[in-house]
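Structure first, then comments.
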Amino acid sequence: MTDLITMPVRASKAGAARLKQRHAAERRFRFYGLFAICFGLSCIGILFFTIISGGYSTFSQTVVTIDINLERDLIDAKNISDGDFRKIVQNSLYGLFPEVTGRRDKRKLANLVSPAAEYQARDYAVANPHHIGKTISIQVPTSDDMDQFSKGVIRADLPESERRVSDLEIVWFNGLKEQGRIETIFNRTFFKSGDSRDPELAGILGAALGSFYTLLVTFLLSFPIGVASAIYLEEFAPKNRLTQLIEININNLAAVPSIVFGLLGLAVFLNFFGLPRSAPLVGGMVLALMTLPTIIIAGRAALKSVPPSIRQAAIGLGASPMQTLTHHTLPLAMPGMMTGTILGMAQALGETAPLLMIGMVAFIVDIPAGITDPATVMPVQIYLWSDSPERAFIERTSGAIMVLLAFLITMNALAVNLRKKFEQKW
Amino acid sequence: MMTSHNNEPQANPFVDGGSGSRSTTKFAAKDVTVHYGENQALFPINLDIPEKQVTALIGPSGCGKSTFLRCLNRMNDIIDGCVVGGQILLDGRNINDPKVDVVQLRAQVGMVFQKPNPFPKSIFDNVSYGPKIHGTVATASDLDDVVENSLRRASLWDEVKDRLQDPGTGLSGGQQQRLCIARAIAVEPEVILMDEPCSSLDPIATAKIEELINELMQNYTIVIVTHSMQQAARVSQRTAFFHLGKVVEIGNTQQIFTNPKDHRTQGYITGRYG
Ligand SMILES: Nc1ncnc2c1ncn2[C@@H]1O[C@H](COP(=O)(O)OP(=O)(O)OP(=O)(O)O)[C@@H](O)[C@H]1O
Ligand SMILES: [Mg+2]
């Protein structure tokens, strides 16, 4: 009798200990998970903080208002655009600081504003020929160093020898500021021009369009081919040695370093077929090769995850294999396929190495107008700018990264939305 | 092995729809074998299935009932490594002939699966899918009629008539199974194959489906696989007992259940094994 009573008590004691242990293990596991997520989030946080804090100033530009005299003897009324506008701009600056006399100081003074000033003056004169001979007031960007100084990146409290802006330039700058000529405006140039040697004239549009055309080619090639291959392999191909070999090789292809695809593009597309160098067409083809395995693998996984009972139902009703595919299997697999494709495209958007091989790394000022124009892409542009000595290009590097990230986030948001929209509820 | 040309009196009064003549043979299986790769699942099967009657296939698990059922509308075609031998005559025509169009065959021989498998689409789309792909209806209002009729015959209409646009997957298990039956009869097949249609249903839903089978029998030939002896006895006129890939006994349902000739049949129906 006593045994009967003590036994369960003893058992429950051990049981309680086990229970406690199990709860502790669960808590520990949850803590690990939480820790991992926090770690990941803080890494992303740090990344975003460094990029945004270093790059947000790209979106503003310091400008100075100068009065220029469109002197008749420097402009030929018949051929306005050939006028000596450099001289005109220089004269206007000399007029602001008449005390500057030395040749070197004068050159420094002239460099206070960006070379854009003379183009702006020329464009103005061409547009308003009746103003020739008059004095007009235009707003021009300052040089990149003055811009950096104005934004506080180049600090005045450093000894003169350690900064790129001399004491004299600071005096001039402050003089202009006192006259109310200095302003900070939104940097439109960054969004509407291509690359340039002068940071204040350099923009991301050329690279963004290059990326767009490249991805367009990539998508148009890799999506149909990838989806068709996935469908054939998963739904129609007989399961034999050959298809097994193909499957293994597709998986291998997904693991090939991207630079190898670049070399292949160089050897085949450029050297053998003679396609243009630096063109989004070739870049897109190379990236399509790289993205194909991703799309095929994702597509096959998506098709595999469609329950066989749906196929049986359709076939049992007398649907042909094609109808079963287009009416049932494909719509159900589409969200998965699209997710795979968009992830592949996002990967392609960030790819640099294979594009270097086919010459998309050149310094290209013109904005590409089509898939055969020379172009570069955003990650390559970032790489090029990060390599430049000017302080202002460092800032633009971060700015370009922000634009690239914005594109990526947009694409991923699109992926999530598309998936939500097409997802079937079971 | 016995065939169905015996003239035993039929158990069910619905037989022959009052035409007066004895039921004709719808399906005749002649030496049908099935291999899954190396494994032989069916050993030469000879079995006749009479028209406008319910034939029940019973037998222990793994004896090849589903395999045989799938032979009747060539659903085994989609299983890799499955090889079917012998002849199956549907109205005297061999359906294993490679020249036979399986799409037409499956329109003629519909199937209801063990697990309800409605498409993840609306109730209406589920039922209208078959008529649409076979082009059997001309206008939208005809399609509406076909959907309503099919749902009525599957005794589901009253439960879903106000929510035809709701997803078919949102119905209860029993309703889903009746939806699948409605989907199958919307194609106007001549034969309906049912593989354990009630295995996941409660007694009420089961009773509804059995009632439905009784009703459908007037117009359709039905072959049903079931593990429930009572169900086989209730709904079928003929019963075939499968064992280890062979048909051990086939005959009038009443006779099989009251006076089985083979001791294995007797053992199975009395619950001694299986
Ligand atoms: N797709 C398949 N691939 C390989 N072997 C199969 C396949 N389907 C069935 N078999 C084999 O064929 C034999 C008969 O299977 P079948 O499904 O016809 O049995 P069943 O009588 O329907 O059984 P249950 O009553 O459990 O449904 C079994 O031995 C099974 O292992
Ligand atoms: Mg079965």
Side-chain angles (χ1 to χ4, degrees), chain A residues 229-248 299-339 418-426, chain B residues 37 66 69-70 72-81 101-122 125-136 166-170 176 179-189 191-195:
Chain A
S229 320
I231 289 172
Y232 180 75
L233 285 175
E234 196 57 40
E235 301 283 317
F236 296 106
K239 305 274 175 287
N240 57 23
R241 275 273 169 75
L242 184 69
T243 45
Q244 236 168 31
L245 196 75
I246 291 175
E247 176 165 4
I248 292 171
R300 291 190 67 177
L303 285 168
K304 230 179 233 148
S305 69
V306 175
S309 65
I310 298 292
R311 286 191 193 88
Q312 282 169 9
I315 287 180
L317 278 177
S320 66
M322 202 59 214
Q323 286 169 328
T324 308
L325 179 76
T326 53
H327 297 164
H328 302 284
T329 324
L330 206 51
L332 290 174
M334 228 11 166
M337 286 183 166
M338 282 190 300
T339 311
L418 279 176
R419 206 166 64 203
K420 279 243 176 71
K421 195 165 162 217
F422 286 95
E423 209 157 48
Q424 290 286 349
K425 297 196 175 46
W426 293 97
Chain B
S66 300
L69 200 68
R70 283 200 297 268
L72 298 180
N73 68 346
R74 292 202 24 198
M75 283 296 275
N76 281 327
D77 286 12
I78 61 168
I79 296 175
D80 276 317
D101 182 38
V102 287
V103 166
Q104 271 172 8
L105 171 69
R106 289 175 191 145
Q108 214 175 337
V109 184
M111 189 157 195
V112 176
F113 298 83
Q114 176 169 358
K115 230 179 97 210
N117 55 355
F119 298 127
K121 297 177 190 254
S122 72
D125 288 346
N126 262 284
V127 183
S128 63
Y129 183 68
K132 260 188 207 153
I133 57 168
H134 293 297
T136 49
D166 288 3
T169 40
Q176 285 187 17
L179 178 63
C180 291
I181 294 175
R183 184 175 67 184
I185 56 186
V187 185
E188 296 288 338
V191 184
I192 301 176
L193 311 175
M194 297 183 171
D195 194 348

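This one's a predicted model, so the numbers in the text were calculated from it and none came from an experiment. Just the heavy atoms: all of them, side chains too, but no hydrogens, waters or symmetry mates, feed the values below. First the proteins, then the strands, lettered A, B, ... as listed; each starts at 1.
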Next on the checklist: Between Q108(B), R70(B), M75(B), K115(B), who has the most heavy-atom pairs with chain A when the cutoff is under 4.5 Å?
Outcome noted: M75(B)
Checklist entry - Any idea how F119(B) and H328(A) line up, ring-wise: parallel (<30°), tilted (30 to 60°), or perpendicular (>60°)? => result parallel
Item to check | Gap between atom CD of Q114(B) and atom CD of Q312(A) - 0.5 Å precision | outcome: 11.0 Å
Next on the checklist: Considering only residues two or more places apart or on different chains, which pairs with a residue in residues 309-330 of chain A satisfy salt bridge (Lys or Arg N to Asp or Glu O under 4.0 Å)?
Outcome noted: E235(A)-R311(A)
Checklist entry - To the nearest 0.5 Å, how far apart are NE2 in H327(A) and NZ in K132(B)? => result 9.0 Å
Checklist entry - Does the side chain of I78(B) come within less than 4.5 Å of P308(A)'s, by heavy atoms? => result no
Checklist entry - What are the two closest non-hydrogen atoms of V103(B) and G318(A), and how far apart are they? => result CG1-O, 3.1 Å
Checklist entry - Do you know which two heavy atoms are closest between L317(A) and I133(B), and how far apart they sit? => result O-CD1, 4.3 Å
Checklist entry - Where is the tightest heavy-atom contact between A313(A) and F113(B), given as atom of each residue plus distance? => result CA-CE1, 4.0 Å
Item to check | Part of R74(B) lying under 4.5 Å from any heavy atom of chain A | outcome: neither
Checklist outcome for this item: To the nearest 0.5 Å, atom CD1 of I315(A) lies from atom CE of M111(B) at 12.0 Å
Checklist entry - Taking all non-hydrogen atoms of both residues, which atom of P120(B) and which atom of I310(A) are closest, and how far apart? => result CD-CD1, 3.7 Å
